[in-house]
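The block underneath contains the structure these notes are about, expressed in structure tokens.
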Amino acid sequence: MTAVIINIIALGAFAVAFSRNRKKALKSIKVATKMFLGILPMLIIIILLIGLLFGFVSGGGAAAVYRRAVGTPGSFTGSGNQCGAAHTPRYWPSPLSLSTG
């Protein structure tokens with residue numbers, strides 16, 4: 001639901017920009033497309049790694065790897081890592097693997 005709201009806001013902002021200056025709006029679409037194509041190879045690699053993680057690591061194994069990397073939630077290092085995790089990209093594979101448990 002949040003993604004839908006964000007997309008509606010973005011489309012609305014683009015519609016306003018397009019109505020004010022078409023050349024700049026179209027130029028922004030070209031720049032955004034180039035940036036997306038630059039990120040695309042890494043995005044595909046991340047999706048493939050997540051697929052491999054789901055395919056070859058059991059739910060308990062993935063949870064153990066995540067706990068080893070992050071720490072237990074109640075510990076000092078676990079709490080610090082959880083706070084730092086708020087600033088990491090949302091496509092990080094370890095938390096995703098825990099949801100399949």
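The shown structure was predicted, so the numbers you read here are calculated from the model rather than taken from an experiment.
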Indicate every side-chain donor-acceptor pair of residues 11-21 with a distance under 3.5 Å to a residue at least two apart or in another chain.
| residue | atom | partner | partner atom | Å |
| --- | --- | --- | --- | --- |
| Ser19 | OG | Ala15 | O | 3.4 |
| Ser19 | OG | Val16 | O | 2.7 |
| Asn21 | OD1 | Lys23 | N | 3.3 |

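With Ile45 as the partner, the side-chain contact (heavy atoms from CB on, under 4.5 Å) test is satisfied by one option alone out of Leu49, Leu43, Leu48: Leu49. Here the options are Thr2, Val4, Ile8, the test is side-chain contact (heavy atoms from CB on, under 4.5 Å), and the partner is Ile6; only Thr2 passes.
Under the 4.5 Å side-chain contact rule for hydrophobic residues, Ile44 and Phe36 share a cluster.
With rounding to the nearest 0.5 angstrom, the CD1 atom of Ile47 is 8.5 Å from the CG atom of Leu40.
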